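The shown structure was predicted, so the numbers you read here are calculated from the model rather than taken from an experiment. In what follows, chains carry the letters A, B, and so on, assigned in the order in which the sequence lines appear, proteins first and then strands, with residues in each chain numbered from 1.
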Amino acid sequence: MSDLQVVLTNTAGVTSIISFWIFVASNAFKNWKPKILGSAFWVLLIGFIALTCAIVARGIEAQRFPLSNLYESLLWFAWAIMGAYLWLAATLNHAGVWHLGWLASLTAASFFLYGSWLPQSQHDIQPLVPALVSYWRQIHVPPLIVSYAMFFLSGLSGLVQLWWGGRRVTVFGLIFTILLACSAIALGTFSQIAVYYLQALFVGGSLLGVIFSWINLKKVKTEAINASREELYDDISYRCISVGFPLLTIGIITGGLWANHAWGSYWSWDPKESMALVTWLSYAAYIHLRIHREIPADKLAVVSCIGLLLTLLTYLGFNTLGFGGLHSYGQLK
Amino acid sequence: MSKKLSFGIWSSVKMSVILIALTAATILVGAWCPQEGQVGREKVFEAFGKDNGQIVINLGLADTYHSPWFLFLIAMLSLSMLAASFERVFPRLLTLKNKMPLLDKGGIEKLPFHKSVEYEAEPGTESGGKSLDEIESKLKKKGFNIIREGNKLTGEQGLIGRLAPSVTHVGLLSLLVGVTITSWTGFNGFQPVKLGECLSFEDSQHSKLWIGSLPNWQGRVIETRRENHPTGEPKQWYTTLAIEDKFGKVLKTAELSVNNPLTYDNVDIYQSSWGIDSIALKFNGQKQTIPVNPMGKRFAAFLPLDQDSVMIFSVLDQKSDLRIFAKRSNWEAPKILTEIKPGQSATLGGVTLTYDGIIPRTGLQYKRDPGIFVVYTAFGFIMIGVLLAFIPHRHVWACEEQNDNKISLAIGGRSPKAKIAFERMIEKIIEPYEKLQIAWQLKNQTEKIVDEQIREEICQTSK
Ligand code: HEM
């Protein structure tokens with residue numbers, strides 16, 4: 001990795017952490033809040049530009065499309081999270097979306113950290129295995145990574161929505177569940193704990209956590225309700241899915257076209273491929289639930305968080321928790 | 001038969017969600033559990049232990065995607081989708097052309113989102129409509145189709161988004177049709193072929209309900225090689241195939257590599273793996289081939305010499321040197337004896353060893369997929385359909401009424417998708433008139449205050 005690339009990537013990582021703290025600190029200064037929140041946007045924008053340059057620089061250095069291993073995909077993910085938040089903030093005139101801003105910065109920062117802790121072999125630019133040498137790679141993978149990022153944001157926005165709907169117990173339940181799932185993945189990446197325990201931690205934790213959160217939707221702290229914010233984040237959550245879903249569709253189908261072109265079968269029920277289909281179906285269910293508002297907005301928000309967990313399982317869980325498959329670009333061991 | 005089709009619960013959105021969720025859960029199990037058909041029975045036992053593995057197999061979890069339960073779900077999903085499409089989705093296409101009625105102030109104020117303002121008309125404008133002219137041009141700029149009648153207007157945007165469910169569902173149903181065509185008439189398989197031998201289709205796989213036929217030609221491997229990155233990792237594998245008819249007559253010759261398949265007679269042949277079958281040697285002029293097995297990046301053969309010593313032959317690819325090692329049980333690591341270039345010889349313990357080269361083996365995947373055209377068309381429909389689904393369909397209504405010097409303007413609308421952005425747009429449109437309203441209110445208030453002051457003054461002077 002060249003020095004330029006390191007500097008650019010670190011700039012992006014550091015700005016995501018700074019903007020997180022700016023968002024947090026803004027609460028302490030009532031009078032200055034709008035100005036402080038505005039500066040967080042610009043800091044994040046600088047990080048986004050730096051990361052864009054870092055990815056381009058890596059592509060130039062490697063002389064190939066820079067998306068071929070886990071580390072590179074994490075950079076793309078953080079890039080999409082930052083970009084999507086900036087896009088939302090800009091199109092919604094910044095008003096009030098900062099509740100999502102600090103979560104988006106925190107997510108980007110966590111992915112940078114995760115990436116930086118990966119073994120050196122992931123950071124180094126390495127030659128591709130024959131199966132990945134194809135122009136299809138750049139058609140297939142970016143839509144997927146960006147769709148995962150959009151689903152993440154949608155789930156986070158669902159959390160903020162539940163918060164302003166006064167469903168505090170549900171929010172804490174879901175945050176705990178998501179943290180549990182993330183720790184299963186971190187342990188799967190960096191420790192030698194047997195994968196069966198980690199699978200149980202991820203799947204069992206998610207099931208129990210979601211059921212707990214769902215049941216506690218009834219517990220509403222009425223004085224904490226802010227209906228207009230609740231509605232805003234409901235809208236944002238759906239908007240993220242409305243970008244992510246077509247991207248996931250395109251990613252899965254172009255993957256099929258590539259597979260058919262490369263080894264003669266557009267679908268082989270490879271675990272990762274199947275998992276992407278599960279995620280796709282779960283968002284298809286979300287969309288159907290939403291068409292005629294079959295279920296109320298707060299339950300839809302929980303569904304978007306279930307989507308986040310499935311996305312996490314598809315993107316990082318399968319490789320780090322010891323499921324097999326062809327898609328080794330995300331694999332470490 | 002009544003005009004309106006009805007399949008009750010079967011075509012409901014509720015049913016679709018239940019079926020989609022069950023299908024997703026089933027696929028999740030299939031993704032987690034090693035599938036016998038993909039990785040072999042051994043891996044299932046490895047993952048769960050012998051006894052539990054057997055239970056998993058008996059439950060059908062190790063063959064999820066062929067289990068009766070899964071096929072049942074897919075069938076239900078298709079039927080329910082068909083029912084919903086004919087009952088609820090396609091009939092909607094007919095309503096696309098329906099015109100929206102124009103609304104007056106009362107009507108607009110019943111809409112889920114609306115705003116109304118009142119302000120003073122500019123002097124000398126009795127006919128009104130100035131604000132509507134401005135609103136119309138703003139909406140047009142944003143891509144709305146406008147219908148205007150006098151002091152009322154209605155606008156629509158994103159009508160094409162209404163096609164989404166039809167296009168997506170047609171795509172999904174055609175996908176099933178395409179997959180069925182392939183399953184009934186196509187075949188596929190994999191065969192490792194040694195240099196000089198032939199790819200044939202006798203061992204191909206096809207479904208139980210098969211009504212297709214197999215080709216009457218075969219493909220002879222006349223060359224196959226591997227290219228490496230400088231680090232020794234494989235970069236690409238190549239195979240040259242000669243297509244021969246039953247009598248051995250060559251019909252076509254072509255090279256294939258990973259990501260570059262060869263198509264002949266609607267059969268696609270893919271390079272899917274590459275290995276070395278054996279190495280050809282001469283011991284004192286006597287020909288011998290020794291089979292090798294993959295070992296890390298390289299391929300190796302172990303030749304026991306006596307009770308506790310073995311000779312190891314190791315090669316990387318067709319161009320690399322043959323490395324010969326010896327290993328005794330009391331040595332820590334094998335010792336290299338010699339390296340021989342392809343075609344050259346060396347003497348080892350009085351024996352002249354000639355290395356003639358490798359006999360490579362190419363892994364070829366093949367298939368005939370008659371449904372592929374339908375499947376690809378379906379992919380196209382699905383992609384377009386889901387893209388369409390996220391074009392928000394929006395409606396706006398506005399009307400302006402003038403009474404003497406007072407103008408009341410009402411605007412409202414609906415956008416089930418992307419609601420907040422829509423509301424912000426309407427708020428922006430009405431903003432200038434809200435300013436006029438505030439100005440007018442201020443003016444009225446000042447006038448009132450001035451009036452009162454004057455009245456007070458008059459009162460006081462009259463006292
Ligand atoms: C059990 C099977 C299914 C049934 C009964 C069903 C039923 C429906 C119905 C009734 C609508 C609403 C149409 C309307 O009111 O305008 C709809 C919309 C839709 N469906 Fe399905 N559906 C099924 C499966 C699927 C699947 C597997 C997908 C995959 C993505 C899908 C994608 C869509 C899309 C994209 C829309 C449009 C949504 C929108 O306009 O926001 N459907 N479906």
Tell me, for A:L257 versus chain B, whether the close heavy atoms (under 4.5 Å) come from the side chain, the backbone, both or neither.
both
Using heavy-atom distances under 4.5 Å, tell me whether A:Y266 contacts chain B through its side chain, its backbone, both, or neither.
side chain
Chain B heavy atoms under 4.5 Å from A:L289: which part of the residue, side chain, backbone, both or neither?
both
Less than 4.5 Å to any heavy atom of chain A: does that hold for the side chain of B:I372, its backbone, both, or neither?
side chain
Is there a donor in the side chain of A:S237 and an acceptor in the side chain of A:S157, or the other way round, less than 3.5 Å apart?
no
Salt-bridged, A:R229 to A:E231, with N to O below 4.0 Å?
no
Please flag which part of B:Y376 lies under 4.5 Å from any non-hydrogen atom of chain A: side chain, backbone, both or neither.
side chain
Shorter than 4.5 Å, heavy atoms on both sides: which option in A:V243, A:I291, A:L247, A:T249 has the most such pairs with chain B?
A:T249
Heavy-atom contact with chain A under 4.5 Å, split by part of B:K419:
both
One should read off an interatomic distance between B:I181 CD1 and B:L176 CG, to the nearest 0.5 angstrom, of 11.5 Å
Could you tell me which of A:I287, A:I295, A:L281 has the largest number of non-hydrogen atom pairs under 4.5 Å with chain B?
A:L281
Is chain A contacted by the side chain of B:A21, its backbone, both, or neither, given a heavy-atom distance below 4.5 Å?
neither
Please confirm whether the ring centroid of B:W274 lies under 6.0 Å from the ring centroid of B:Y238.
no
Can we say B:K297 and B:D317 salt-bridge, meaning some charged N sits less than 4.0 Å from an Asp/Glu carboxylate O?
no
Is it the side chain or the backbone of A:W136 that comes within 4.5 Å of chain B heavy atoms, both, or neither?
neither
Indicate, with yes or no, if the rings of B:Y65 and B:F70 have centres closer together than 6.0 Å.
yes
Could you check which of A:W269, A:W267, A:F245 has the highest count of heavy-atom pairs closer than 4.5 Å to chain B?
A:W269
Looking at B:E423 and B:K428, is any side-chain nitrogen of the basic one under 4.0 Å from a carboxylate oxygen of the acidic one?
no
Mutual orientation of the aromatic rings belonging to A:Y233 and A:H99 [parallel < 30°, tilted 30-60°, perpendicular > 60°]:
perpendicular
Measuring heavy-atom distances to chain A, does B:L172 have an atom under 4.5 Å in its side chain, in its backbone, in both, or in neither?
side chain
Whether A:R137 engages the ring of A:F65 as a cation-pi pair (distance to the six-membered ring centre under 6.0 angstrom, angle to the ring normal within 45°) should be assessed.
no
Heaviest contributor of heavy-atom pairs below 4.5 Å to chain A, chosen from B:I269, B:L28, B:T64, is B:L28
